[in-house]
Participant: 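So that we are looking at the same thing, I have put the structure below in structure tokens.
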2 protein chains.
Amino acid sequence: MVNRITIKEIARKADVSIGTVDRVLHNRGRVAEATRDKVLKIAKEGNYSSNVMARHLKLNKTYRISVILPEENNYWLMLKEGIEEGCAEFAQMGFTAGYCFVSNDGSQAMQLNQILDSDADGFIIAPSAFHQQTDLLCKLREKGKPYVFVDSNIIDAGQLTFIGQDSYRSGVLGASLLHDKYLSDYEIYITTFSESDIKEQIIKNRIEGFRSYFDENEIKHANIHEVNLEKDQITADDFLNVLLKHENPVHLFIPNSKTYKLAEQLIQFKETNRLRVVGYDLLQSNLRLLNCGAIDYLIHQKPKMQGYLGMQSLYKNIVLKTDVPLHQFMPLDIINKENVMYCQ
Amino acid sequence: MVNRITIKEIARKADVSIGTVDRVLHNRGRVAEATRDKVLKIAKEGNYSSNVMARHLKLNKTYRISVILPEENNYWLMLKEGIEEGCAEFAQMGFTAGYCFVSNDGSQAMQLNQILDSDADGFIIAPSAFHQQTDLLCKLREKGKPYVFVDSNIIDAGQLTFIGQDSYRSGVLGASLLHDKYLSDYEIYITTFSESDIKEQIIKNRIEGFRSYFDENEIKHANIHEVNLEKDQITADDFLNVLLKHENPVHLFIPNSKTYKLAEQLIQFKETNRLRVVGYDLLQSNLRLLNCGAIDYLIHQKPKMQGYLGMQSLYKNIVLKTDVPLHQFMPLDIINKENVMYCQ
DNA sequence: TCGCAAAGTGTTAACGTACACGCAAAATAT
DNA sequence: ATATTTTGCGTGTACGTTAACACTTTGCGA
């Protein structure tokens with residue numbers, strides 16, 4: 001990389017002007033075949049790659065990135081933080097970001113259309129912001145502008161890259177954290193809340209992964225139950241009573257960020273000293289439960305890192321013009337009370 | 001950041017030439033007090049910051065980073081990988097790295113002196129490469145070139161930043177992974193190998209943190225032993241026999257990367273189904289044990305990330321001239337069989 | 001033969017910064 | 001008085017790239 005050949009030097013070696021070299025390298029036409037070949041040969045031998053600094057300085061362009069996220073809650077704000085970190089890093093290259101938190105109140109189609117029609121140079125999109133209206137994405141495909149999916153993925157939707165967790169494997173991980181080989185008999189509750197929870201693909205994958213752990217390791221002494229509070233018409237307090245009836249240890253797997261909805265019940269049940277809980281996402285309300293011992297582990301989706309990588313991927317694509325892998329899987333971070341303070 | 005004011009524009013507004021603005025901004029002197037004030041005022045109002053691209057293009061400088069690591073093993077090679085990743089990212093800015101793996105055979109002082117005398121523009125140093133000869137570092141301090149410590153730290157040694165784990169807290173984390181609230185009685189062995197192991201500050205901290213977990217949580221039903229195989233003159237096989245004598249579950253904490261030294265014994269003891277092991281570092285040989293179930297958790301020091309951040313810190317300091325925090329603590333990553341495939 | 005288009009190539013001015021150089025005016029020395 | 005230094009400021013060039021523009025040389029129809 002260092003001491004790279006410049007167009008000026010190529011021009012000197014090929015005994016032509018830099019204008020000609022430029023026309024060859026940019027396929028701007030009107031160059032004699034022989035000259036073209038000579039220039040390309042020298043460029044290749046000298047391992048030419050254009051100087052990004054100089055190109056940017058000359059073009060003096062700015063790049064607007066539009067970010068589309070579902071709602072302005074803690075989780076998505078962490079993702080936004082990461083985007084802003086990336087934005088600050090690439091600000092020298094003229095990167096700026098504009099944010100849109102799409103509500104789910106009927107006006108989303110209008111909102112989305114407006115953003116998609118804007119003349120942004122790239123997009124960072126959480127597909128769940130589209131609330132089933134992912135057909136709108138074809139607009140982007142036509143534009144030819146790069147767009148990145150974060151958090152959840154849509155297969156073959158023309159995205160530059162997907163950045164997020166492998167939700168199936170995160171379910172497997174959750175199971176490994178709840179399984180206890182020393183116990184002869186214990187209860188496991190896969191707990192969800194609203195009916196829409198179990199319609200989400202991510203949640204389905206996590207539960208499937210979770211169950212596969214016990215199946216594939218042929219673990220028989222864990223009694224796995226699945227509860228959806230809304231569907232089963234059971235309140236949080238009733239659920240607590242169900243749990244209290246067991247004399248076995250009770251382990252809870254909550255495959256989304258909503259563990260905090262059981263806050264009071266978990267704190268109460270914790271007194272029995274036969275509770276273990278694995279949830280998702282480092283929301284403020286979950287962290288409180290983690291620190292008081294009502295949650296044992298949280299699986300961290302690293303939203304901030306997702307945001308940062310989203311921005312970085314667009315930078316690599318737009319400015320450096322280098323390839324970006326189609327899938328960028330986040331690490332499956334295990335967070336407990338003892339490592340939460342250093343978690344990023 | 002975008003649409004920042006340029007020296008040209010400052011010059012126009014202050015009705016002076018860009019040369020004068022340049023002299024003011026770089027304190028190159030010979031400017032009338034009044035002019036100086038006017039320029040500074042306009043620069044401040046316009047929130048001026050120099051265009052890094054243009055400056056680099058003009059200066060056309062390259063930066064050589066010298067990397068000093070202890071030995072060419074798996075762990076340090078992962079750190080090197082991270083450095084190279086950073087190097088590639090900043091190659092456009094003229095960054096290159098040269099590596100030196102310092103042996104511990106008496107010639108290290110000579111080797112170290114040679115590197116420290118080189119005219120590198122920055123250093124990434126694993127202090128343990130100095131094998132007690134850290135006084136050599138004063139050479140660097142005099143040079144005024146930035147140097148970064150990775151893996152382990154030396155307090156107040158003039159470093160730009162330290163990048164690594166909080167070893168005390170990682171010990172606490174290890175304890176939390178080994179503690180089992182359901183067990184009424186179990187054995188814990190803090191296991192080290194050579195006598196030099198327990199002389200290392202990092203190891204001492206980890207053990208101290210580990211013990212503090214049981215002290216502060218007032219856990220009485222764990223019987224904590226501490227074994228150093230060399231000091232206690234006991235072979236790995238003898239140690240296995242000691243463990244086999246227990247009828248309780250046996251939990252092992254190995255506060256450095258050497259878990260693999262007990263490979264055969266752990267695989268054998270695993271059959272009893274009353275073993276749990278927490279070790280450190282994702283060496284190839286440890287990963288094998290993790291995947292076959294002989295190690296439950298490895299605490300990951302993220303050497304690759306350390307290397308990357310080391311390079312990034314030097315970039316920020318040298319090129320961007322921004323501040324870098326004195327401590328950059330790595331996350332305390334918990335790795336088990338189920339999340340190792342996505343770990344970075 | 002002239003005119004004119006097309007093909008092939010060179011020149012040049014930016015982008016924002018750094019710094020050497022030069023020049024006038026003022027201040028000081030001789 | 002003249003000579004010399006110091007102070008204060010402007011000019012010009014270069015870094016590597018891009019792209020508009022201009023110039024020469026063909027080829028070809030009128």
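Computed from heavy atoms alone, side chains included, the values below leave out hydrogens, waters and symmetry copies. Labels below follow one simple rule: chain letters A, B, ... track the order of the sequence lines, proteins then strands, and each chain is numbered from 1.
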Participant: Could you measure the distance from the CD atom of A:Gln159 to the NE2 atom of A:His327? Nearest 0.5 Å is fine.
Facilitator: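 So the gap between those two atoms works out to 7.5 Å.
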
Participant: Among D:dT18, D:dC9, C:dG8, which is the nearest nucleotide to the side chain of B:Ala32?
Facilitator: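 Looking only at side-chain atoms, B:Ala32 lies closest to D:dC9.
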
Participant: So what does B:Arg30 hit on the nucleic acid, given a heavy-atom distance under 4.0 Å: a base, only sugar-phosphate, or nothing?
Facilitator: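 B:Arg30: base contact, heavy atoms under 4.0 Å.
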
Participant: Looking at A:Ser17, I'd like to know whether one of its side-chain N or O atoms comes within less than 4.0 Å of OP1 or OP2 on C:dT11.
Facilitator: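 Checking A:Ser17 against C:dT11: no side-chain N or O falls below 4.0 Å of OP1 or OP2.
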
Participant: For the CG atom of B:Leu25 and the OG1 atom of B:Thr20, what is their distance to the nearest 0.5 Å?
Facilitator: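 Rounded to the nearest 0.5 Å, the CG-OG1 separation comes out at 10.5 Å.
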
Participant: What heavy-atom pair brings A:Glu72 and A:Leu77 nearest, and what distance separates the two atoms?
Facilitator: CG-CD2, 3.8 Å

Participant: Categorize B:Leu59 for me: base, sugar-phosphate, or nothing, with a 4.0 angstrom heavy-atom threshold over every strand shown.
Facilitator: sugar-phosphate

Participant: Check this for me: does the side-chain of A:Arg23 come within 3.5 Å of the base of C:dG10 through a donor and an acceptor?
Facilitator: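 Per atom types, the contact qualifies.
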
Participant: Just how far is it from atom OG of B:Ser50 to atom CG of B:Leu320, taken to the nearest 0.5 Å?
Facilitator: 9.5 Å

Participant: Angle class for the A:Phe329/A:Phe162 ring planes (parallel below 30°, perpendicular above 60°, tilted otherwise)?
Facilitator: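 Perpendicular: the ring planes of A:Phe329 and A:Phe162 meet at over 60°.
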
Participant: What's the closest nucleotide to the side chain of A:Val31 if the choices are D:dT18, C:dT9, C:dA18?
Facilitator: C:dT9

Participant: Decide if atom NZ of A:Lys41 counts as having more than 12 heavy atoms of other residues, nucleotides or ligands within a radius under 6.0 Å.
Facilitator: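 Incorrect, the count does not exceed 12.
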
Participant: Which part of the nucleic acid, if any, lies within reach of A:His56 when heavy atoms closer than 4.0 Å are counted: base, sugar-phosphate only, or nothing?
Facilitator: nothing

Participant: What nucleotide, of C:dT9, C:dA18, D:dG16, holds the atom closest to the side chain of A:Ala54?
Facilitator: D:dG16

Participant: Does A:His26 put a side-chain nitrogen or oxygen below 4.0 Å from OP1 or OP2 of D:dA19?
Facilitator: no

Participant: What bend angle does the helix from C:dT1-D:dA30 to C:dT30-D:dA1 show across its length, from five-pair end axes and to the nearest 10 degrees?
Facilitator: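 Helix axis angle between the two ends: 70°.
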
Participant: Side chain of B:Leu57 only, please: which of D:dG16, D:dA14, C:dT9 is the nearest?
Facilitator: D:dG16

Participant: By nearest heavy atom, map B:Thr35 and A:Ile7 onto DNA chain D; which one lands nearer the 5' end?
Facilitator: B:Thr35

Participant: Looking across every strand, which nucleic acid part, if any, lies under 4.0 Å from A:Asp22 by heavy atom: base, sugar-phosphate, or nothing?
Facilitator: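 Result for A:Asp22 = base.
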
Participant: So what does B:Asn60 hit on the nucleic acid, given a heavy-atom distance under 4.0 Å: a base, only sugar-phosphate, or nothing?
Facilitator: sugar-phosphate

Participant: How many angstroms lie between atom CD1 of A:Ile318 and atom OG of A:Ser313, to the nearest 0.5 angstrom?
Facilitator: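 Nearest 0.5 Å value for the CD1-OG distance: 10.5 Å.
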
